[in-house]
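Working notes, structure below.
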Amino acid sequence: MTITENLNQQQLMAVSYQPANLLVLAGAGSGKTKVLVSRIAYLIQNHRIGPANIMAVTFTNKAAREMRERLEKMLQFPVTSMWVGTFHGLAHRFLRAHWQEAGLSQHFQIIDSEDQFRIIKRLQKDLDLAEERWPIKQTQWFINNKKDQGIRPQHIQYGAHDIFDKTLTKVYELYTEYCKRNNVVDFAELLLRTHEVLRDNLSLLEHYQDRFKHILVDEFQDTNDIQYAFVKLICGRDNFLTAVGDDDQSIYGWRGAKIENIQKLTKDFKDTITIRLEQNYRSTKNILAASNAVIEKNSNRLGKKLWTDGETGGLITLYSAMNDIDEASFIVKSILHEIHDGASRNDIAILYRSNAQSRVLEEQLIQAGLPYRIYGGMRFFDRAEIKDALAYLRLLNNENDDAALERIINVPTRGVGNVTLNKIRDLAKANNLSLWQSAKQHISGNLLAARAHNSLQNFIELIENIKTETENLAIAEQIEHVLFRASLKEFYSKDKSDRGRMRLDNLNELVSAAREFDDNNDEASMSLFLAHAALESGDDGNSGDTECVQLMTLHSAKGLEFPIVFISGLEQGLFPHQLSMSEPDKLEEERRLCYVGMTRAMQKLYLTHAQLRRLHGNEQYRRPSCFLYDLPEELLDKRSGMSLFTTSTTYSQKQPESKATIPQNTSFENNKYSIGQLVEHATFGVGTILNFEGAGDNLRIQVNFKSCGTKLLAAAYAKLNPL
DNA sequence: AAGGAGTAGGTTTTT
DNA sequence: CCTACTCCTT
């Protein structure tokens with residue numbers, strides 16, 4: 001098969017266009033990845049560009065892996081010398097090679113946002129900044145935001161009375177010093193430092209400009225200032241940029257992505273050719289028409305209209321639910337129908353604006369006995385037990401990693417409590433020592449009471465012993481040894497709950513991950529494995545054998561596609577979100593998010609909203625989302641749940657408090673339960689009580705419901721058992 | 001050092 | 001309403 005086979009005219013043009021600066025505006029489902037991969041293959045095969053002369057930047061590590069795989073499959077030979085990765089991954093690679101020019105020490109480590117949070121918290125505490133007035137998150141945001149814009153503490157200008165900027169800049173400054181002292185680098189620093197080194201080192205810059213004849217960047221609409229500056233810098237000579245993206249799918253403005261980047265590209269890069277991929281191969285005509293109708297309401301678009309010569313498809317179902325539970329129950333019922341009609345659970349995705357919305361959906365799915373999977377929860381390498389284990393490894397790798405030491409000095413508990421730790425901190429601060437050095441001084445100088453002294457000494461010896469014992473081991477074996485010597489597994493196995501068991505599993509999984517890393521990397525080292533752990537989310541992909549309905553936020557649905565898609569909670573204040581409704585720019589991003597969601601659907605799209613929703617504990621009447629009014633009537637199959645009027649009587653009854661959850665896998669329809677059973681195991685919900693029998697503990701109740709509510713049951717109970 | 005009480009806060013997330 | 005975290009008691 002040749003590279004240019006099976007491409008439409010626009011795709012072919014994008015793939016085969018002579019070396020030049022290219023902007024490929026690729027609409028949803030227009031074969032963007034295919035074009036990107038094919039263009040690289042084409043450059044290699046037809047323009048005799050060496051893989052080593054190509055750099056490809058992707059949005060996630062997963063995308064990077066997939067790109068390399070597809071490319072190698074297409075070319076039938078490995079392209080190991082090509083640089084493929086995320087901006088962060090590539091920057092890391094660069095800094096490892098040029099740590100001296102970058103002013104880093106050779107074995108610098110990457111910290112993630114949680115580490116960063118803890119460090120800033122510590123620093124602010126030392127500065128006596130009250131957390132209520134100076135939220136750590138805010139400082140963290142301040143620092144990262146400055147870094148994303150290429151701004152160092154010394155560049156920040158503030159007025160004499162600007163306490164806010166003055167204070168945060170001070171923290172930023174101390175934080176920078178801390179990172180230098182501890183030999184660590186955060187995510188934003190990877191990019192900023194790389195940019196600075198290239199900018200200030202002409203020979204190095206020219207070397208890379210000469211090497212990378214072609215730089216290809218995917219998801220260009222999601223680049224931030226520093227990333228754009230980096231691309232601009234490196235594309236400064238006889239080399240070319242291929243930027244692929246879709247301004248209509250820019251949904252990360254809130255974390256620094258600049259939609260303007262894709263808009264100003266043609267001005268900043270010489271003779272840029274713009275190619276539009278507008279033929280969609282994913283969705284039906286109806287779905288596409290509806291999506292187009294929504295996105296058309298945005299101003300400032302580069303302009304693009306998707307079309308398809310696929311089938312018209314069914315109408316889009318718009319369900320107006322009575323409340324959030326009715327909404328969830330409608331979704332679940334519809335899923336059951338779809339499955340009955342031959343759909344696989346894997347084909348179905350439920351999308352929502354915020355994670356909190358998943359709970360009600362989950363409850364209904366559990367009741368229906370439908371297996372589901374939630375995307376984008378806690379990431380593997382972010383789990384507490386994994387981070388503990390990694391902290392040991394970090395400490396072994398670099399004794400002066402204070403954050404690592406703080407994390408595990410008393411995990412598992414070994415009698416080095418807060419009092420001792422504070423003493424260690426104080427001495428470290430006074431003499432500009434690392435915590436490890438300070439701890440050793442406490443031992444050698446006999447500065448502690450006997451009990452603390454012994455505990456601390458044991459800790460120091462433990463670390464030093466592990467260090468010698470693991471010196472020549474492969475990384476997986478090193479980790480196993482650490483887990484054993486630090487009794488981490490023992491520590492977690494004390495927890496007999498599901499959670500404890502899961503933690504043990506995860507620790508074992510960590511060993512496997514290390515082994516896999518070892519197998520896949522020629523020069524695997526502990527230092528590289530730690531970097532891998534920081535840069536990779538370690539998402540398990542489609543693990544597991546059971547087919548699952550997929551639940552995720554609209555944001556995490558980007559780049560995916562499903563035959564059947566539900567978008568729930570289309571209500572003013574929820575989607576578009578309350579906090580994004582005031583400013584036009586933010587509302588436009590919400591609209592793009594809606595567009596992204598809708599264009600995930602291949603065959604069938606369901607949109608739902610609830611008239612009454614329980615949010616933060618109280619019920620609120622909600623207007624349908626403004627996006628729903630953009631949809632052409634003729635594309636819709638409108639349905640609605642019970643009217644509000646009927647149920648409001650139920651809701652208005654005086655109801656005593658009760659708390660409980662229905663056990664999983666319980667089926668309810670028209671069954672009789674003892675009230676004790678039900679009140680103890682009920683979740684709130686909607687239902688009708690058909691009949692009562694007996695009284696007191698022997699009271700039995702017949703209910704007809706999707707899920708019967710605690711409130712309702714409690715009301716019934718109160719009615720039959722007056723005080 | 002663990003568990004209970006009390007309370008603050010509650011978009012979106014990858015690296 | 002639910003959670004995650006702090007603080008306070010044993």
Side-chain angles (χ1 to χ4, degrees), chain A residues 57-64 85-92 110-116 121 131-132 135-137 141 144 147-148 185-191 219 222-224 226-227 250-257 324 351-360 363 375-379 381-382 384 410-419 491 494-495 531-539 552-559 569 573-581 586 589-590 592-594 596-597 613-620 657-661 683-684 709-711:
Chain A
V57 190
T58 57
F59 191 60
T60 62
N61 289 302
K62 192 170 153 223
T86 60
F87 277 108
H88 293 88
L90 297 175
H92 177 236
I110 302 167
I111 52 168
D112 64 20
S113 17
E114 193 197 322
D115 299 325
Q116 186 185 46
K121 187 168 178 171
E131 249 186 272
E132 304 82 60
I136 317 294
K137 278 260 150 61
W141 184 85
N144 290 331
K147 287 192 179 194
D148 282 347
V185 162
D186 63 42
F187 292 132
E189 185 72 31
L190 288 169
L191 304 176
E219 307 281 13
D222 289 322
T223 53
N224 62 27
I226 195 82
Q227 291 165 343
S250 161
I251 54 175
Y252 285 107
W254 53 274
R255 65 176 201 208
D324 43 352
L351 311 183
Y352 37 79
R353 176 66 234 264
S354 58
N355 288 307
Q357 285 170 254
S358 74
R359 214 196 78 242
V360 187
E363 284 171 2
Y375 276 77
M378 179 60 99
R379 298 176 306 160
F381 287 114
D382 283 347
N410 206 28
V411 177
T413 42
R414 53 169 69 84
V416 186
N418 241 321
V419 180
F491 177 64
K494 271 191 226 142
D495 185 350
H532 168 84
L535 287 174
E536 289 257 359
S537 53
D539 72 325
M552 69 193 82
T553 62
L554 287 140
H555 281 90
S556 29
K558 195 177 92 160
L574 191 63
F575 188 28
H577 195 274
Q578 195 64 52
L579 301 171
S580 305
M581 285 168 65
K586 289 188 173 177
E589 183 154 308
E590 294 284 310
R592 291 193 291 269
L593 190 57
C594 185
V596 167
R613 183 177 294 273
R614 184 178 289 264
L615 211 62
H616 306 329
N618 41 32
E619 277 150 353
Q620 296 165 11
E657 288 231 357
S658 175
K659 233 183 187 177
T661 28
T683 185
F684 74 87
T710 342
K711 278 194 167 184

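The figures here come from the full heavy-atom set of this structure, side chains too, leaving out hydrogens, waters and symmetry mates. What you see is a predicted model, and the numbers here were worked out from it, not measured in a lab. Just so we're on the same page: letters track the sequence lines, and every chain starts at 1.
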Task: A:Arg614 side-chain proximity, nearest of C:dC1, B:dT15, B:dT12 - done: C:dC1
Open item on the list: It should be established whether A:Asn355 places a side-chain nitrogen or oxygen under 4.0 Å from OP1 or OP2 of nucleotide B:dT13.
Closed with: yes
- [ ] With the side chain of A:Arg255 defined as its heavy atoms from C-beta on, choose the nearest nucleotide among B:dT11, B:dT15, B:dT14.
- [x] B:dT14
- [ ] Measure from CD on A:Glu114 to P on B:dT14 and round the result to the nearest Å.
- [x] 15 Å
Open item on the list: Nearest whole Å is fine: how far is C:dC2 P from A:Asn618 CG?
Closed with: 13 Å
Task: Gap in Å between the two P atoms, one belonging to C:dC5 and one to B:dT12, rounded - done: 15 Å
- [ ] Round to the nearest Å and state the distance from A:Lys586 atom NZ to B:dT12 atom C1'.
- [x] 12 Å
- [ ] For the pair A:Glu363 and A:Arg359, find out whether any cationic side-chain nitrogen is under 4.0 Å from an anionic carboxylate oxygen.
- [x] yes
- [ ] State whether A:Lys137 places a side-chain N or O below 4.0 Å from either non-bridging phosphate oxygen (OP1 or OP2) of B:dG9.
- [x] no
TODO: Kindly point out which of B:dT11, B:dT14, B:dT15 is positioned nearest to the side chain of A:Leu579?
DONE: B:dT11
Task: Atom-to-atom span, CZ of A:Arg592 to C1' of B:dT12 - whole angstrom - done: 13 Å
Task: Aromatic ring pairing A:Tyr252/A:Phe59, orientation class (parallel under 30°, perpendicular over 60°, tilted between) - done: tilted
Task: Spacing between A:Arg414 atom CZ and B:dA2 atom P, to the nearest angstrom - done: 13 Å
Open item on the list: Quick check on DNA chain B: between A:Ala188 and A:Phe491, whose nearest nucleotide comes earlier from the 5' end?
Closed with: A:Phe491
- [ ] Let me know the distance between CD of A:Gln578 and C1' of B:dT12, rounded to the nearest Å.
- [x] 15 Å
Open item on the list: How many whole angstroms separate atom CD of A:Glu536 from atom P of B:dT15?
Closed with: 7 Å
- [ ] Report the nucleotide, chosen from B:dG10, B:dT13, B:dT12, that has the shortest atom-to-atom distance to any side-chain atom of A:Arg353.
- [x] B:dT12
Task: Touch class at under 4.0 angstrom, heavy-atom based, for A:Lys121 against every strand present - done: sugar-phosphate
Task: pi-stack flag for A:Trp254 and B:dT11, centroid dist under 5.5 Å, interplanar under 30° - done: no
Task: A:Lys147 and A:Asp186: CA distance, side-chain angles, deciding distance, side chain to side chain contact (heavy atoms under 4.5 Å, CB included) verdict - done: CA-CA 10 Å; A:Lys147 287 192 179 194; A:Asp186 63 42; 2.8 Å; yes
Open item on the list: With a 4.0 Å limit, can you tell me whether A:Thr553 has a side-chain N or O closer than that to the phosphate oxygens OP1/OP2 of B:dT13?
Closed with: yes
Task: Under-4.0 Å salt bridge between A:Glu589 and A:Lys586 - done: no
- [ ] Answer yes or no: does a side-chain N or O of A:Asn61 lie under 4.0 Å from OP1 or OP2 of B:dT15?
- [x] yes
Open item on the list: Between A:Asn410 (side chain only) and A:Val416 (backbone N and O only), is there a donor and an acceptor less than 3.5 Å apart?
Closed with: yes
TODO: Check every strand shown and say whether A:Ser556 touches a base, only sugar-phosphate, or nothing at a heavy-atom separation below 4.0 Å.
DONE: sugar-phosphate
TODO: Compare side-chain N and O positions of A:Ser113 against OP1 and OP2 of B:dT13 and report whether any pair is under 4.0 Å apart.
DONE: no
- [ ] State which of B:dA2, B:dT15, C:dC2 makes the closest approach to the side chain of A:Arg359.
- [x] C:dC2
Task: Spacing of A:Leu615 atom CG relative to C:dC1 atom P, expressed in whole Å - done: 13 Å
TODO: On DNA chain B, check which nucleotide each of A:Glu590 and A:Thr413 is closest to and give me the residue with the more 5' one.
DONE: A:Thr413
Open item on the list: Check for me: is A:His555 stacked on B:dT12 by the 5.5 Å centroid and 30° plane-angle rule?
Closed with: no
Task: Electrostatic pair A:Asp112:A:Arg379 at N-O distance under 4.0 angstrom - done: no
TODO: May I ask you to say what A:Tyr252 touches in the nucleic acid, namely base, sugar-phosphate or nothing, with a heavy-atom cut-off under 4.0 Å?
DONE: sugar-phosphate
